[in-house]
Amino acid sequence: GGGGGGGGPGDTHHHHHAPRPLPFLDGLKGRLPELCRQALRPECKRHPWQHQLLGLLAVYCGPSWAAEALCTLLGQAGCPEELSLAAKLHAALSSSVPGLVPATAARCVAHLHSAPDHDARRLLHNLAWLAQEGGEEDGGEGLAAALASHAPQLGRLLPHADAGVSEGAALLLATLPPPPPSSLGPSQLAVLVRAGVSRFFQALRRGGAEGEAAAGEGCSRLLSRLASSSPQALRCVLRQLLSAALHPGSARLFGGVSSSLNAPSSISTPSAISTPGTGDSLLGVNRDIGAAVGFGGLWAVFHAGVIGRGLKPPPGGGQLLPGEAAGNAQRFLGLVGRCCCGGRGLGQREGQVSAEAAQTIALALVEALCPDVTSSELAWPPEELSRGTVERDLQIWGRFQENPLLFGLLRLVALGPPALCYCSVLLRGVLATLLSHWDASRHRLSTASPRHLHASCQLLACMAEGQLLPPALGSMHEIFHLLTPFEVRLLLLGVWAYLRANGPLPQKFTFRPEQGRFYREFVRDADMDKCLAVLHSVLHKNIDRLGHLYGHFQL
């Protein structure tokens with residue numbers, strides 16, 4: 001009897017921790033969506049027993065049910081006041097349910113990929129609001145950190161067919177902290193960056209469509225945050241952005257024209273076979289089609305256009321208004337600039353373009369425009385030898401004319417000296433083409449060639465900003481519009497001679513810790529007086545119009 005009496009309490013203690021089945025709670029297990037809808041009703045705020053019932057069920061059913069309950073509340077809430085219920089449930093369960101926030105984040109991400117578009121839109125916007133406005137007490141900070149580890153999976157929603165889902169994914173990713181580099185492998189980083197860049201350019205193409213501005217801004221913040229997380233992420237973001245911007249199909253977004261000569265071959269696609277290029281002859285295309293098919297047959301399609309101007313451009317494929325193109329260029333260059341200023345390099349100040357980021361852009365530009373050129377071709381050859389690279393120089397000039405964004409990118413590179421040195425082959429190509437043009441021009445004033453005049457001014461301003469030219473030579477472009485083509489060519493020849501004698505090499509720059517950037521001293525440069533003599537001679541010839549500027553071009 002004594003042994004039995006001793007075993008009774010022991011057995012009771014043994015079965016104390018085993019969960020007892022409660023039929024009432026078991027019956028409510030499968031009615032979670034209905035329970036959440038009832039708890040979110042306005043009249044239920046006066047009866048907190050439903051909220052307490054959700055907490056009781058979460059403790060009884062375990063962590064997975066608790067995460068599902070929080071995910072359902074976040075997906076059904078329609079305003080910040082209703083979102084506070086999820087925060088209260090989290091506060092009540094955080095001490096009794098371990099790992100609740102990471103499990104909720106994982107459940108929300110899984111639900112986003114399987115939920116209908118309407119539910120996914122609402123859940124994304126609720127998560128974005130909670131991650132941005134929520135604090136530590138209501139789980140907002142912890143949820144944002146947990147969602148950041150799922151950034152690659154969220155990035156797959158950026159190219160979603162539904163614009164609202166895509167916009168919500170961009171807003172959510174923009175509010176999350178950048179994931180730690182250790183949790184994001186190179187392939188995952190590349191997928192996320194590629195999705196963000198693709199969505200950013202999609203927003204540029206769609207212009208003023210509803211939600212596109214918010215989606216573009218969200219992707220912009222996402223990419224700038226990723227770029228600031230690590231040097232590898234910075235290089236990946238910049239390369240993906242430049243690759244998309246320099247694609248021939250993106251030129252018209254910035255006021256340029258797409259070239260069929262430089263466009264990648266896509267002969268495998270049916271549209272490339274059946275659709276002629278916009279630069280083809282209208283008469284030639286219709287003549288070829290008439291000879292290839294039976295006239296009047298079912299597939300005899302003749303194309304419209306303007307005689308002498310080629311085919312009619314496809315719908316939505318025409319040129320943008322100047323204001324739209326300038327806005328697109330400003331948004332893109334602003335994004336690239338924020339990425340370059342986000343990471344803190346050696347001695348880099350806030351808002352300053354880092355030399356490493358500028359060098360990444362410079363190398364990417366050379367690789368995109370001149371893939372056959374190595375980065376070792378920094379020294380300038382004699383001007384006579386430029387005749388051997390005429391074809392390459394014309395190709396470089398053509399790319400600059402097709403995409404106005406290139407000069408803006410060069411100016412951005414110039415802000416991080418000595419990075420512009422690595423663009424020597426591009427600068428040589430443009431300068432050599434300009435020299436040939438001004439040599440062949442027979443106009444009385446340089447203003448008769450506005451495109452070449454603008455390019456000449458842009459080129460010298462960029463080289464002066466990048467400290468490849470001393471201030472006296474770098475400001476010559478201010479008088480180009482007052483000179484003849486022959487005089488402009490003389491001054492550009494002086495620039496070539498100076499760069500030939502004083503090659504744009506990174507070794508000539510020294511780092512100043514107090515300014516946090518590299519600088520170049522021009523006092524030891526050779527042939528400075530010879531180059532300025534040409535400039536002074538031009539000023540003397542036009543003393544009646546340019547005499548008051550003589551003092552501006554002194555050493």
Side-chain angles (χ1 to χ4, degrees), residues 33 36-37 39-42 44-45 51 54 66-94 100-151 153-158 160 162-179 192 195-196 199-200 203 210-226:
C36 292
R37 279 194 299 271
L40 291 173
R41 290 172 59 187
C44 292
K45 295 174 184 176
H51 306 166
L54 280 175
E68 181 70 26
L70 275 176
C71 176
T72 305
L73 285 174
L74 291 172
Q76 292 185 1
C79 62
E81 191 176 359
E82 294 179 358
L83 274 175
S84 63
L85 175 60
K88 292 177 181 177
L89 183 61
H90 165 265
L93 298 177
S94 57
L100 178 60
V101 172
T104 302
R107 185 69 195 93
C108 288
V109 172
H111 181 67
L112 286 171
H113 289 279
S114 59
D117 293 345
H118 180 268
D119 295 343
R121 285 198 299 269
R122 184 163 53 189
L123 178 56
L124 284 167
H125 283 84
N126 287 341
L127 290 174
W129 185 90
L130 198 60
Q132 185 174 8
E133 304 294 338
E136 186 176 356
E137 63 279 356
D138 54 10
E141 292 183 4
L143 183 62
L147 287 171
S149 62
H150 297 276
Q153 290 83 359
L154 293 172
R156 295 175 189 165
L157 297 172
L158 289 174
H160 199 277
D162 185 86
V165 175
S166 178
E167 176 196 353
L171 293 176
L172 174 58
L173 285 167
T175 58
L176 300 180
L192 181 58
R199 189 63 183 89
F200 175 77
E210 184 180 359
E212 292 303 317
E217 183 60 29
C219 289
S220 177
R221 294 203 303 269
L222 164 66
L223 293 171
S224 59
R225 287 193 180 194
L226 285 175

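Looking at Glu167 and Arg121, their side chains never come closer than 4.5 Å, going by heavy atoms from C-beta outward. No side-chain heavy atom of Leu171 sits less than 4.5 Å from a side-chain heavy atom of Leu124.
The structure places CG of Leu112 at 7.5 Å from SG of Cys71, a figure rounded to the nearest 0.5 Å. Rounding to the nearest 0.5 Å gives a distance of 10.0 Å between NE2 of His118 and CG of Asp162.
Considering all non-hydrogen atoms of both residues, Ala146 and Pro102 come closest at CB-CA, 4.1 Å. Taking both residues in full, the closest heavy atoms of Ser220 and Phe200 are given as CB-CE1, 4.3 Å, listed atom of the first, atom of the second, then distance. Residues Ala115 and Ala120 share a closest heavy-atom pair of CB-N, 4.3 Å. Taking each heavy atom of Ala105 and Leu147 in turn, the nearest pair found is CB-CD2, 3.8 Å. Between Leu176 and Ala131, the shortest heavy-atom distance links the atoms CD2-CB, 4.1 Å. Of all the heavy atoms in Ser114 and Ala110, the pair that sits closest is OG-O, 3.4 Å.
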query: Could you go step by step and tell me if Leu158 and Leu173 meet the side chain to side chain contact (heavy atoms under 4.5 Å, CB included) rule?
result: CA-CA 10 Å; Leu158 289 174; Leu173 285 167; 4.0 Å; yes

message: Walk me through whether Leu74 and Leu127 qualify under side chain to side chain contact (heavy atoms under 4.5 Å, CB included).
response: CA-CA 7 Å; Leu74 291 172; Leu127 290 174; 3.8 Å; yes

- prompt: Passes side chain to side chain contact (heavy atoms under 4.5 Å, CB included), Asp117 versus His160? Steps please.
  reply: CA-CA 10 Å; Asp117 293 345; His160 199 277; 3.3 Å; yes

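Of the possible donor and acceptor atoms, none in the side chain of His111 sits under 3.5 Å from a partner among the backbone N and O of Asp119. Between the Arg225 side chain and the Ala174 main chain, a donor and an acceptor come within less than 3.5 Å of each other. Side-chain atoms of Thr72 come within 3.5 Å of backbone N or O of Glu68 as a donor-acceptor pair.
The existence of a salt bridge linking Glu212 and Arg199 is confirmed by a sub-4.0 Å separation between a basic side-chain nitrogen and an acidic carboxylate oxygen.
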